[in-house]
Amino acid sequence: MTNPTAAELIARSNRLGSDPRVTNYAGGNTSAKGTEIDPVTGEPVELLWVKGSGGDVGTLTESGLAVLRLDRLRALSKVYPGVDREDEMVAAFDYALHGKGGAAPSIDTAMHGLVDAAHVDHLHPDSGIAFATSKDGEALTAKAFGDRVVWVPWRRPGWQLGEDIAAIKRDNPRAIGCILGGHGVTAWGATSDDAEANSLWIIETAEKFIEAEGRVEPFGTILDGYAPLTPEHRRIRAAALAPTLRGLASTDRAQVGHFTDAEVVLDFLAASEHPRLAALGTSCPDHFLRTKVKPLVVDLPPTASIEEQLARLHELHEQYRVDYQAYYDRYATPDSPPIRGADPAIVLIPGIGMFSYGATKQTARVAGEFYINAINVMRGAEAISSYAPIDESEKFRIEYWALEEAKLQRMPKARPLATRVALVTGAASGIGKAIATRLSAEGACVVIADLDLEKAQAAAAELGNTDVAIGVQADVTDENQVQAAVDATVLAFGGLDLVVNNAGLSLSKSLLETTVADWDLQHDVMAKGSFLVSRAAAKVLIDQKLGGDIVYISSKNSVFAGPNNIAYSATKADQAHQVRLLAAELGEHGVKVNGINPDGVVRGSGIFAGGWGAKRAAVYGVPEEKLGEYYAQRTLLKREVLPENVANAVFVLCSADLSHTTGLHIPVDAGVAAAFLR
């Protein structure tokens with residue numbers, strides 16, 4: 001059973017973390033002090049519950065808390081070796097842990113343990129950081145808060161900062177918290193409700209002060225020609241730029257992208273001061289750990305042509321890499337972690353929006369959210385003073401902090417398809433759904449395209465939230481809908497790496513029964529549809545310059561001649577030859593094109609459920625419910641083929657193990673000798 005004090009802390013944390021005014025994702029930490037019976041002595045022991053390293057206050061649970069004995073934690077003051085060696089204290093926290101399990105203590109544990117208050121909140125509100133990054137931050141803090149909030153000059157998080165804040169609490173009896181220069185806000189209280197109320201009072205007071213005292217146009221006047229494009233044109237332009245941008249951002253390592261054209265971003269980029277402010281970089285440590293020290297800003301108006309913007313992006317990216325390497329070289333020591341890549345995490349395009357990048361969709365999205373926090377901070381600081389973040393050297397000490405590097409090294413190993421973006425057509429059911437499910441399980445971001453939008457979105461929701469999968473409507477016979485699906489993919493995840501042409505249908509009819517409409521429908525969906533999807537996807541793959549995979553779900557019938565199947569088998573043969581043609585054409589771009597020839601996939605198949613199964617059963621003279629068994633018995637392995645078997649083959653084709661394979665067709669038919677490839 002959760003200790004009542006810990007339960008109170010979790011509830012308070014979740015409330016604070018759910019409000020974007022209060023703190024950002026995984027930013028800040030909260031704590032509470034209370035007692036519990038020591039199972040060894042049977043006596044009460046005073047404990048500290050504090051959000052652990054890498055957790056998020058908004059979604060904090062009991063497993064995300066570090067639990068320490070307060071007497072042992074505070075006794076570490078006797079062995080504190082000084083600010084030059086304060087990082088060693090993090091390892092010492094392990095000797096103060098109580099019980100088993102729980103999260104690893106973070107660097108901020110000292111702040112929570114040493115401050116003489118039962119409840120402590122350390123948060124990163126935009127309004128508070130606006131004060132913390134203002135040139136006149138100390139004077140403004142006194143003016144806005146009086147003696148209730150105390151200014152603390154910038155100090156990197158650690159044991160010494162904990163001792164400094166403990167001294168402030170002790171020496172300022174009326175104080176309820178402090179503004180940490182260049183960092184954030186810390187508040188405390190005798191009860192959980194007191195701490196929460198004090199945190200919110202500081203945030204709201206800062207907001208009201210900025211609103212009442214701040215300049216009307218903190219970002220300056222609107223630049224001529226930099227007004228945002230219309231929403232439709234913004235997305236068209238963003239989709240056109242996305243593949244090249246994703247390729248540039250993945251120069252050192254593959255990245256997933258996120259796009260936003262939020263009003264706050266567009267307003268910032270339309271204003272005259274945005275080049276100066278963006279060059280100053282982000283401020284709060286939580287910000288630039290996600291966004292890098294500064295963004296890449298396109299210095300062209302939105303009226304520039306796509307060709308002009310693409311050319312300029314290549315120039316700016318090259319210069320960004322040179323500048324970032326120089327930044328690393330200026331401050332790196334022999335003990336510094338190696339450079340983590342010189343590509344930007346944030347790309348700002350006036351009039352269009354912001355692209356952000358990360359190892360996953362979630363980290364890419366959060367990086368963008370953090371830069372929006374930074375914009376809000378800049379607005380507040382410029383409104384009441386001028387924006388003055390911490391020195392670049394201090395930013396480097398945070399970004400390449402050994403403790404942060406250790407946190408990164410503790411992250412689980414990436415799954416095989418991590419950073420890859422997949423588009424699967426006809427994926428709301430049957431084979432397509434099984435493929436989407438397998439690709440997602442292996443780490444890919446997945447776009448499920450289907451004629452039925454509601455079913456596509458439902459299938460995507462089964463895989464997870466929109467950081468994992470999305471559903472889109474697409475009729476693959478319609479060129480515009482195909483392009484819209486590809487555009488939706490690159491805007492959702494930054495690009496595209498893996499395309500599965502799975503959409504299909506079948507009508508089982510003899511030659512004389514097959515109408516022109518029957519023929520056209522099947523060829524439009526499978527032959528023409530695969531062509532349209534592959535063509536639209538190939539443009540993205542070529543622009544990205546990251547290689548990629550196109551997989552066709554063809555059929556045993558592409559090489560096997562069976563009765564009453566003229567239109568279906570002919571179009572499957574068309575698809576099969578498309579594989580060979582595209583493999584020959586796209587190889588120079590590093591794009592692999594392969595096919596899969598399934599047979600007898602009855603269970604879970606949309607095609608078989610739509611009447612094809614009944615007609616094939618009639619052809620073979622077996623009950624429809626026995627069709628799967630019939631197909632199995634005519635195979636060499638005597639096994640029924642399931643959608644998951646086809647999905648397994650797709651994964652293998654796209655995995656690193658078959659990195660040198662293109663133009664191949666893999667039979668997934670349990671062994672049909674007449675369909676052996678020759």
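Both backbone and side-chain heavy atoms feed into the values below; hydrogens, waters and symmetry mates do not.
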**OP:** Verify side-chain contact (heavy atoms from CB on, under 4.5 Å) between V90 and T109, making sure each step is shown before the conclusion.
**Re:** CA-CA 8 Å; V90 174; T109 298; over 6 Å; no
What side-chain donor-acceptor pairs closer than 3.5 Å can you find for residues 166-173, not counting sequence neighbours?
{"residue": "K169", "atom": "NZ", "partner": "D116", "partner atom": "O", "Å": "3.3"}
{"residue": "N172", "atom": "ND2", "partner": "I168", "partner atom": "O", "Å": "3.0"}

Just list the side-chain donor-acceptor pairs under 3.5 Å for residues 238-245, sequence neighbours left out, or say none.
none

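Panel note: side chain E86, backbone W159; a donor-acceptor pair is recorded below 3.5 Å. Using a distance-only test at 3.5 Å, with no hydrogens or angles considered, a donor-acceptor pair links the side chain of S127 to the main chain of I203. Proximity of a side-chain donor or acceptor of W188 to a complementary backbone N or O of A175 within less than 3.5 Å is detected. Of the possible donor and acceptor atoms, one in the side chain of R234 sits under 3.5 Å from a partner among the backbone N and O of L229. The main-chain N or O of G182 is never found under 3.5 Å from a side-chain atom of S283 such that the two would form a donor-acceptor pair. Looking at T205, its side chain never comes within 3.5 Å of a backbone N or O of I202 through a donor-acceptor pair. D87 places no side-chain N or O within 3.5 Å of a backbone atom of L403 that could act as its donor or acceptor partner. Listed for the Q544 side chain is a donor-acceptor partner under 3.5 Å among the backbone atoms of L496. A donor-acceptor pair under 3.5 Å is absent between the side-chain atoms of D121 and the main chain of A187, judged by distance alone.
Within the structure, salt bridge (Lys or Arg N to Asp or Glu O under 4.0 Å) contacts touching residues 287-311 (residues at least two apart or in different chains) are D299-R312. Residue pairs meeting the ring pair (Phe, Tyr, Trp, His ring centres under 6.0 Å) criterion with at least one member in residues 306-326, sequence neighbours excluded, are Y324-Y327. Sequence neighbours left out, not one pair with a member in residues 220-254 passes ring pair (Phe, Tyr, Trp, His ring centres under 6.0 Å).
Residue-environment remark: CD (E263) stays at or below the threshold of 12 foreign heavy atoms within 6.0 Å. Remark: E211 CD is loosely packed, at most 12 non-hydrogen atoms of other residues, nucleotides or ligands lying under 6.0 Å away. For CZ of R235, the number of neighbouring non-hydrogen atoms (other residues, nucleotides, ligands) closer than 6.0 Å is 12 at most. Heavy atoms of other residues, nucleotides or ligands lying less than 6.0 angstrom from CD of E318 number 12 at most.
Judged as a side-chain contact (heavy atoms from CB on, under 4.5 Å), and not counting sequence neighbours, the contacts of N29 are K51, S106, D108, H112, H122. Under the rule for a side-chain contact (heavy atoms from CB on, under 4.5 Å), the partners of S386 that lie at least two apart in sequence or sit in another chain are K135, E382. Residues forming a side-chain hydrogen bond (donor to acceptor under 3.5 Å, both in side chains) with T191 (at least two apart in sequence, or on another chain): D194. With sequence neighbours excluded, the residues that form a side-chain contact (heavy atoms from CB on, under 4.5 Å) with P295 are A278, V297, I346, L348, Y371. Residues that satisfy the side-chain hydrogen bond (donor to acceptor under 3.5 Å, both in side chains) test with S393, not counting sequence neighbours, are absent from this structure. With sequence neighbours left out, D126 forms a side-chain hydrogen bond (donor to acceptor under 3.5 Å, both in side chains) with N373, N376. D136 meets the side-chain hydrogen bond (donor to acceptor under 3.5 Å, both in side chains) test with S385; sequence neighbours excluded.
Of the inter-residue distances, the one linking L9 atom CG with R12 atom CZ reads 5.0 Å to the nearest 0.5 angstrom.
In this structure, G128 and V185 approach most closely via the heavy-atom pair CA-CG2, 3.8 Å. Closest non-hydrogen pair, C178 versus I165, comes out as SG-CG2, 4.0 Å. Contact record, V57 with G28: CG1-O, 4.1 Å, taken as the closest heavy-atom pair. Shortest non-hydrogen contact noted between D343 and D252 is OD2-N, 2.9 Å.
Note on K539 versus D543: salt bridge recorded, some NZ/NE/NH1/NH2 to OD/OE distance being below 4.0 Å. Ion pairing of R237 with D261 is absent here, as no side-chain N (NZ or NE/NH1/NH2) approaches a carboxylate O to less than 4.0 Å. Salt bridge K208/E204: absent, no basic N to carboxylate O contact under 4.0 Å. Between R379 and D267 there is no salt bridge, since none of the side-chain N atoms of the basic residue sits less than 4.0 Å from a carboxylate O of the acidic one.
When side chains are defined from C-beta on, V447 does not count as touching V486, because their heavy atoms never get closer than 4.5 Å. Proximity of Y331 to R397: side-chain heavy atoms (C-beta onward) are nowhere separated by under 4.5 Å.
Considering R365, Q362, K361 as possible partners of V256, the one that fulfils the side chain to side chain contact (heavy atoms under 4.5 Å, CB included) test is K361.
Because its NZ or CZ atom is not both nearer than 6.0 Å to the ring centre of Y328 and within 45° of the ring axis, R340 does not count as a cation-pi partner of that residue.
Aromatic ring pairs are classed by plane angle as parallel below 30°, tilted from 30° to 60° and perpendicular above 60°; the pair F145 and F131 is tilted.
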